[in-house]
Amino acid sequence: DLLRIFEGTSQDLSYLKIDYRVLDLEESNFEQCDLIFIPSAEFMSASAQQKIVNLVKSGKKVILYGLVPHWDLDFKNCQILSKFLKLKSSPERSVAQVEDRDRSFPAYLLGHLRKSGKGSKEILWDQNKCVATRLASGKGAAYFFSFDFTSHKNPVKLLYLEELLKENKI
């Protein structure tokens, strides 16, 4: 699922004529990056989770997609990112109708999101269940999508991504 979203993101950025690079999360410093797309799963190393938190706090715009990590790679409880985003996820694979106040489009759902405190703002829903959030932190921002947000040639979804990028001055 995450590979399909990665491939779709690459295609959409090409459609929108936006230059991008693929970098290693653990090894790269991201100094030259305005916007960073990061796949997320229920397992993620503590160092990767902390790096994402640091990127947002340092003013970067980060778009995460997938599920919120609960464990590190050694199967130990590790919720650094979950605590920062004040967000949890529950897996649910299905085709959903994702909507905001202005539009609606079909999408492959990976799960639902639950806020666990003040911080993240819900921005998209599937039948009143949250599937996307935004958290502002200083000049940085973190978006979390628990569905395939790439267009797959759907003009409504491509327009949504284009507006999201413009909102973040990309």
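Every heavy atom of this structure was used, including side-chain atoms; hydrogens, water molecules and symmetry mates were not.
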* Asked: Where the side chain of K60 meets the backbone of E31, is there a donor-acceptor pair that is under 3.5 Å apart?
  -> yes

* Spell out, as yes or no, whether a donor-acceptor pair under 3.5 Å connects the side chain of S28 to the backbone of L25. => no

* Is there a side-chain contact between K88 and V68, using heavy atoms and a 4.5 Å cut-off? -> no

* Asked: Backbone N or O of C78 within a donor-acceptor pair of the K83 side chain at under 3.5 Å?
  -> no

* Least distance between heavy atoms, P69 atom then M44 atom -> CB-CB, 3.8 Å

* Where L67 and R93 come nearest, the two heavy atoms and their spacing -> CD1-NH1, 4.1 Å

* Residue pair P91 / E42, side-chain heavy-atom distance below 4.5 Å -> yes

* Asked: Only one of L113, L64, V53, T133 clears side chain to side chain contact (heavy atoms under 4.5 Å, CB included) with L85; which?
  -> L64

* Before giving the answer on side chain to side chain contact (heavy atoms under 4.5 Å, CB included), spell out for L87 and L135 the whole-Å C-alpha distance, their side-chain angles and the decisive distance to 0.1 Å. => CA-CA 10 Å; L87 199 60; L135 172 79; over 6 Å; no

* Do I38 and L81 belong to the same hydrophobic cluster, where Ile, Leu, Val, Met, Phe, Trp and Tyr are linked whenever their side-chain heavy atoms lie under 4.5 Å apart, directly or via other members? -> yes

* Report whether L2 and L73 are members of the same hydrophobic cluster (ILVMFWY, side-chain heavy atoms less than 4.5 Å apart, transitive linking). => no

* Asked: Just wondering, more than 12 heavy atoms not from E26 lying within 6.0 Å of its CD?
  -> yes

* Asked: Is there a side-chain contact between S137 and F84 (heavy atoms, below 4.5 Å)?
  -> yes

* Asked: Can you check whether S82 reaches Q49 side chain to side chain, under 4.5 Å on heavy atoms?
  -> no

* Asked: Is the centre of the Y143 ring less than 6.0 Å from the centre of the Y65 ring?
  -> no

* Asked: Nearest 0.5 Å, what's the CZ-CZ distance between R21 and F30?
  -> 9.5 Å

* Return the orientation label for the F37 and F149 ring planes: parallel under 30°, perpendicular over 60°, tilted otherwise. => parallel

* Asked: Hey, is the main chain of K76 close enough, under 3.5 Å, to the side chain of D74 for a donor-acceptor pair?
  -> no

* Are any of the side-chain heavy atoms of T9 and L161 separated by less than 4.5 Å? -> no

* side chain to side chain donor-acceptor pair (under 3.5 Å) partners for E99, two or more places apart -> none

* Measure the CZ-CD distance between R134 and E167 for me, rounded to the nearest 0.5 Å. => 5.5 Å

* To do: Report yes if some heavy atom in the side chain of L164 is under 4.5 Å from a heavy atom in the side chain of F145; otherwise report no.
  => yes

* Can W71 be reached from I52 by stepping across I, L, V, M, F, W or Y side chains whose heavy atoms are under 4.5 Å apart? -> no

* To do: Give, for atom NZ of K61 and atom SG of C33, the distance between the pair rounded to the nearest 0.5 Å.
  => 13.0 Å

* **Test item: S146 side-chain N/O and G111 main-chain N/O as donor-acceptor pair under 3.5 Å** => yes

Compile the donor-acceptor pairs under 3.5 Å between side chains in residues 121-130 and protein atoms, sequence neighbours left out, one pair per line.
unit_1 : atom_1 : unit_2 : atom_2 : d
E122   : OE1    : W125   : NE1    : 2.7
D126   : OD2    : H112   : NE2    : 3.1

* Asked: Are Y160 and D102 side-chain neighbours, meaning at least one heavy-atom pair lies under 4.5 Å?
  -> no

* Got a second to check how far D34's CG is from Q32's CD, nearest 0.5 Å? -> 9.0 Å

* Gap separating the CG atom of L110 from the OG atom of S90, nearest 0.5 angstrom -> 11.5 Å

* Asked: Is there side-chain contact between F144 and S120, with at least one heavy-atom pair below 4.5 Å?
  -> no

Output a table of donor-acceptor pairs, distance under 3.5 Å, between side-chain atoms of residues 12-20 and any protein atom two or more places apart or on a different chain; print 'none' if there are none.
unit_1 : atom_1 : unit_2 : atom_2 : d
D12    : OD1    : S151   : OG     : 2.6
D12    : OD2    : S151   : N      : 2.7
S14    : OG     : S10    : O      : 3.1

* Structure fact -> Nearest heavy-atom contact between H70 and S89 is NE2-O, 3.5 Å

* To do: Treat each ILVMFWY residue as a node, draw an edge where side-chain heavy atoms are under 4.5 Å apart, and state whether F105 and V131 are in one component.
  => yes

* Structure fact -> Correct closest heavy-atom pair for K153 and P155 would be O-CD, 3.3 Å

* Taking a hydrophobic cluster as the set of Ile, Leu, Val, Met, Phe, Trp and Tyr residues connected by side-chain heavy atoms closer than 4.5 Å, whether directly or through intermediates, do V156 and Y108 fall within one such cluster? -> yes

* Under 3.5 Å, is there a donor-acceptor pair between the T150 and Q11 side chains? -> no

* So how far is it from I80 CD1 to D72 CG, rounded to the nearest 0.5 Å? -> 8.5 Å

* Asked: Under 6.0 Å from the CZ atom of R101, do we count more than 12 heavy atoms belonging to anything else shown?
  -> no

